[in-house]
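Written out below as structure tokens is the structure these notes cover.
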Amino acid sequence: MAAIAATPRTLRASTMRQREQSVRKIQKKQPQKLNKKSQSKGLAPNTAPNRSGRVSPRKRKLAADGLPATQGRPPANLTPSKTSSATLHEDMSPDRPKRRRVGKPPTSNHDSAMAADASAATTNTARNSHTNMVSNLASSGKAVQDEQELEAKCYVDEYVIPDVAGVFDAARPISDTNRLCAAEYATTIHQRLEQFITPTVKPPVQAARGRVRSGHNVRRHCSQAAKARLRGSPTGCGAQPVDTDAQLKDYSLLRRWVSLDSRLDGSDSMAAGAKEKGICSWTSAFIGFVADQLEIVANPKSHSAKPRRLVTLDKLDSAAAANVDGCSCIDVAISTGLDSTSQVSEMQIDGPCFKNAALSIGVKRFPSEQNRAYWQLAQRTHTLHSTQLNRRFAWGLTVCGTHVRACLFGNDDILASEVMNVATESGRKQLVTLLVNWAMCESQRLGYDPTIRYNGETGQWEIDVWDDESRVTHTYIHERTLFDTSSQFGRRTRCFIASAKENSGEQPVQKVLIKDAWAPTEFPGSEVVRDELSNLRTIRDKLGADDVLAGTYSHLEAGGVVQQMQTKQRTADDTTVSIFADIDSAVLEDVPDRIYRRVATTPVGEQLKSVRSVDELIVVVSDVMAAHTAIVRRCGILHRDLSTNNIMFCRDDDGMIRGLLIDFDNAVLQSDLHNEQRPDQIGTFPYMSIGNLEQSSVKRTALDDWESLIYILCWLGTIGINREDQTNVEIRSDLTICHWHDGSATNIAKAKRRTLQHSDLFGNEILACFAHPLLYANLARLILELRSQLFYNERLSSLAQGCIDFDPMYSSIRNAELRTHYLDCNIDTTVVDPFARRAEFADAIVDDLLRVVQKYRKAALERIKDAQISE
């Protein structure tokens with residue numbers, strides 16, 4: 001056992017001796033050789049070029065000052081006799097050893113000697129403190145890594161469906177001509193790739209001479225060359241690249257990547273970051289090879305579409321880094337290039353940059369890190385969703401050593417392909433085919449939305465809204481994004497402010513609020529679960545003639561399912577079923593089907609934080625609740641999602657404001673609510689009613705939305721009603737109202753029950769903590785009266801008052817009380833839930849609540865008019 005244990009150590013020692021002997025030979029021969037070079041170039045002594053053929057700026061400066069080239073470090077004759085193996089690095093000169101990183105154990109005898117000398121010159125106290133610091137850093141780093149691993153695993157378990165065979169087919173072009181051409185091009189490029197990486201084929205002379213470009217230079221060269229092609233260089237389809245030798249020198253990195261597999265399973269002393277950067281370089285070289293070869297093999301006389309140019313981007317490229325714009329988490333990405341046309345659907349306005357990337361790439365060292373690669377890629381893909389206006393879905397790549405997977409990001413899951421191992425011929429062929437398909441497929445197959453496109457002539461984005469009723473497409477000009485998607489999963493709701501494109505100039509331009517979302521369906525071809533479009537049509541038809549309510553709710557102008565071109569003559573509804581048409585239905589059995597819908601409504605309002613005073617806020621909420629009541633009673637539709645984002649206002653030319661209720665995404669017909677055994681939990685979490693939070697069996701009524709209004713007003717009073725007040729307020733985490741926003745649904749409901757039950761507690765812990773108690777006095781009075789009418793209405797018995805169930809021990813007192821004129825006198829006393837008793841008389845309580853807000857609205861309008869007169 002002792003002999004076996006000593007074998008690796010003996011081998012390492014013999015290897016070190018061989019390396020040291022080689023270094024001594026180099027040190028003996030190198031100075032003469034370098035001096036000859038320096039004299040032939042007319043350089044001063046000791047300013048010889050390094051192994052790359054360049055003279056370092058430091059040597060030039062020292063030569064200009066008349067100093068020897070060894071100034072600043074010990075002369076060669078004083079260096080230790082044993083040299084580190086780092087001196088044999090291809091980018092290092094022999095007399096300049098690579099610096100060992102702090103905290104890394106010595107890897108050679110030379111490093112051991114240096115460490116021993118340093119420790120001898122250091123006191124025990126300093127050495128011990130340094131050791132403790134390094135160990136603490138190592139332990140904390142491992143804890144962070146373990147936490148990230150756990151988070152990545154949970155994320156993958158929830159969203160990722162691995163090894164889906166049909167993912168590759170989802171990238172194939174729709175057109176039969178493009179599909180055949182893509183298959184032909186991929187076969188040719190794969191054959192050229194195999195010829196190039198075959199060991200028997202010698203690399204070009206330019207690639208064999210000198211040192212190979214580092215990863216940074218390779219990626220910078222590939223990116224700059226690709227950008228030159230995008231700017232319209234002579235290199236086009238069917239033409240040879242201008243700098244073929246330089247490109248082949250970059251492609252020589254492909255041989256490193258495809259031969260990496262045998263070394264990945266063992267231990268690797270190279271740092272993870274450096275290794276990942278190297279893999280990034282090799283990945284970029286592979287994509288660059290396919291992109292350049294595609295330009296060569298593509299037939300310009302073919303009837304197929306012209307391939308888009310794939311361009312790799314990374315932070316080390318200065319041009320790409322200058323256009324990060326919120327995409328700082330992206331390290332490597334693929335962008336696409338288009339010819340200059342009047343209208344484009346792919347977001348390439350500013351040239352290839354991170355915010356315009358077609359897909360991002362997650363790179364890790366080992367195949368065992370696949371979960372972290374998924375997690376990292378998902379974060380980067382969310383960045384693309386939030387920065388690109390016309391993004392429907394997204395693609396991505398994970399590269400773990402030589403294992404490559406394509407990921408298709410849907411609304412509810414991530415479909416990951418089978419492994420493409422670039423160390424095998426079949427894996428390389430799959431990856432080449434995938435890249436060629438991405439270059440040849442239609443924009444909608446790449447994840448873009450052709451109904452949102454950039455007009456190069458006007459420099460504006462155009463949005464198409466298809467109307468299902470009139471069967472007409474309305475085109476609007478995008479002005480700004482009001483709300484962006486907060487998640488890459490789910491409905492992905494967005495709101496834009498736009499103006500009508502068709503305008504004669506005689507009338508003012510009509511502005512609309514465009515909203516699109518992926519609404520879920522019960523099964524393919526069925527109706528949407530919560531049909532906002534149908535609700536808006538009902539509201540428009542029944543309230544459109546009411547001038548009093550005009551402008552206080554969203555009025556439908558156009559809307560329908562987004563249409564995508566299937567062929568030149570046929571369009572189809574944009575659904576997840578069409579996106580995943582090539583995926584086996586058994587894989588998507590648990591994935592909900594969704595329909596992409598877009599609506600345009602008027603008027604366009606402003607957010608609540610733009611109100612100028614408390615009086616304006618009171619007017620806004622009064623108008624909104626009047627519209628809410630009319631929609632409930634005359635249309636039979638309950639909103640169910642009152643929040644600070646869904647209450648807006650419009651300001652007239654004379655300065656008067658009017659409240660606006662928007663977003664009927666979660667609205668439902670009241671008739672459907674009666675059929676539910678237990679209503680679902682719907683709404684914005686901090687503003688949900690207690691019954692909604694607890695998912696109680698009590699039927700949902702308009703009282704739930706009025707309860708949400710109280711929470712909205714309390715929150716605005718605490719943080720400030722507008723931007724000016726909110727900038728000067730600091731929210732303390734110990735405030736009671738913070739318990740209404742943080743925690744589980746059960747804990748939030750308990751906190752609200754406790755605070756609303758007692759008037760003194762409500763006044764001291766909520767109203768007394770308002771940002772400006774004196775300025776917000778009228779707001780506090782309104783909230784108190786709303787609470788009194790909702791939870792302690794005098795028209796109801798004590799059984800229906802408060803937020804806590806009635807204690808049965810006082811039933812005799814309550815029975816005598818119910819013989820009087822109370823509205824709930826006919827309800828059985830066994831019903832002790834006050835919310836259930838109040839729900840039976842929701843209309844009567846709403847009348848009382850309306851009278852309260854109308855009274856405060858009238859007083860607020862008088863104060864606003866007086867303020868305008870005084871000004």
Side-chain angles (χ1 to χ4, degrees), residues 542-543 546 548-549 552 618 621-640 642 659 661 667-674 676 679 688-692 696-713 752-753 756-757 759 762 781-806 814-858:
K542 294 188 176 183
L543 302 182
D546 193 334
V548 177
L549 295 175
T552 60
I618 293 174
V621 297
S622 176
D623 293 341
V624 164
M625 297 315 295
H628 179 275
T629 303
I631 292 171
V632 171
R633 294 179 175 178
R634 296 163 60 178
C635 305
I637 297 174
L638 185 63
H639 191 280
R640 298 202 304 173
L642 287 189
L661 180 62
V668 66
L669 294 175
Q670 285 189 305
S671 58
D672 294 340
L673 287 175
H674 296 314
E676 294 183 359
M688 285 184 184
S689 65
I690 294 175
N692 197 357
S696 68
S697 58
V698 178
K699 64 180 180 180
R700 302 291 182 264
T701 65
L703 298 183
D704 290 272
D705 286 348
W706 281 92
E707 185 179 340
S708 297
L709 177 65
I710 293 178
Y711 302 140
I712 292 171
L713 296 179
K752 289 180 177 180
R753 280 183 183 270
L756 291 168
Q757 177 67 21
S759 57
F762 182 74
R781 296 189 187 98
L782 172 61
I783 295 173
L784 278 175
E785 289 201 34
L786 290 176
R787 171 187 171 275
S788 177
Q789 293 295 337
L790 179 58
F791 296 105
Y792 294 93
N793 195 292
E794 296 178 352
R795 301 168 64 184
L796 299 174
S797 68
S798 300
L799 286 172
Q801 295 183 0
C803 303
I804 301 177
D805 293 354
F806 171 68
R814 300 310 180 193
N815 288 335
E817 188 178 284
L818 288 177
R819 298 190 186 100
T820 59
H821 60 280
Y822 290 115
L823 294 177
D824 58 331
C825 61
N826 294 325
I827 299 180
D828 194 343
T829 56
T830 57
V831 180
V832 295
D833 185 356
F835 290 94
R837 300 184 74 91
R838 288 195 294 265
E840 297 296 327
F841 305 96
D843 290 340
I845 299 175
V846 168
D847 290 336
D848 297 337
L849 293 168
L850 270 178
R851 281 192 288 269
V852 171
V853 294
Q854 289 173 354
K855 177 183 69 174
Y856 276 83
R857 181 183 188 275
K858 182 178 179 180

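Just so you know, these numbers use all the heavy atoms, side chains as well, and skip hydrogens, waters and symmetry mates.
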* So do the side chains of Lys855 and Glu785 get within less than 4.5 Å of each other, counting heavy atoms only? -> yes
* To do: Begin with the C-alpha distance, continue with both residues' side-chain angles, and end with the deciding distance and a verdict on side chain to side chain contact (heavy atoms under 4.5 Å, CB included) for Leu642 and Met625.
  => CA-CA 10 Å; Leu642 287 189; Met625 297 315 295; 3.9 Å; yes
* Asked: Rounded to the nearest 0.5 Å, how far apart are CG of Leu709 and CG of Leu703?
  -> 12.5 Å
* Asked: Closest approach of Asn692 and Arg700, non-hydrogen atoms and distance?
  -> CA-NH2, 3.6 Å
* Structure fact -> Nearest heavy-atom approach of Ala800 to Pro834 is C-CB, 3.8 Å
* Asked: Quick one: does Ile845's side chain get under 4.5 Å of Leu796's, heavy atoms only?
  -> yes
* Take Thr552 and Asp623, measure what side-chain hydrogen bond (donor to acceptor under 3.5 Å, both in side chains) needs, and give me the verdict at the end. => CA-CA 7 Å; Thr552 60; Asp623 293 341; over 6 Å; no
* To do: Check whether any side-chain heavy atom of Tyr822 lies under 4.5 Å from a side-chain heavy atom of Asn793, and answer yes or no.
  => no
* To do: Examine Arg787 relative to Phe762 and say whether NZ or CZ is less than 6.0 Å from the centre of the six-membered ring and inside a 45° cone about the ring axis.
  => yes
* For the residue pair Ala836 and Val831, what are the closest heavy atoms and their distance? -> CB-CG1, 4.2 Å
* Structure fact -> Value for OG (Ser622) from CG (Leu850), rounded to nearest 0.5 Å, stands at 7.5 Å
* Do NZ/NE/NH1/NH2 and the carboxylate oxygens of Lys752 and Glu707 come within less than 4.0 Å? -> no
* Quick one: pull up CG in Asp848 and CG in Asp843 and give me the separation to the nearest 0.5 Å. => 11.5 Å
* Under 4.5 Å between any side-chain heavy atoms of Trp706 and Ile710, yes or no? -> no
* Does some side-chain heavy atom of Leu786 sit less than 4.5 Å from a side-chain heavy atom of Val853? -> yes
* Asked: Do Gln757 side-chain atoms and Cys803 backbone N/O form a donor-acceptor pair below 3.5 Å?
  -> yes
* Asked: When the ring planes of His628 and His639 are compared, do they come out parallel, tilted or perpendicular, using 30° and 60° as the limits?
  -> tilted
* **The single option from Arg837, Arg795, Glu840, Arg838 passing side-chain contact (heavy atoms from CB on, under 4.5 Å) against Asp824** => Arg837
* Full working for side chain to side chain contact (heavy atoms under 4.5 Å, CB included) between Leu638 and Asp704 -> CA-CA 10 Å; Leu638 185 63; Asp704 290 272; 5.9 Å; no
* Asked: Quick one: OG on Ser689 to CG on Leu790, what's the gap to the nearest 0.5 Å?
  -> 10.0 Å
* CD/Gln670 to CG/Asp672 distance, rounded to the nearest 0.5 angstrom? -> 10.0 Å
* To do: Could you check if a side-chain atom of Arg634 sits within less than 4.5 angstrom of a side-chain atom of Asp546, using non-hydrogen atoms only?
  => yes
* Side-chain ion pair, Asp847 and Arg633, N-O less than 4.0 Å -> yes
* Walk me through it: do Thr701 and Phe841 pass the test side chain to side chain contact (heavy atoms under 4.5 Å, CB included)? => CA-CA 10 Å; Thr701 65; Phe841 305 96; over 6 Å; no
* **Gap between atom CD1 of Ile783 and atom OG of Ser788 - 0.5 Å precision** => 13.5 Å
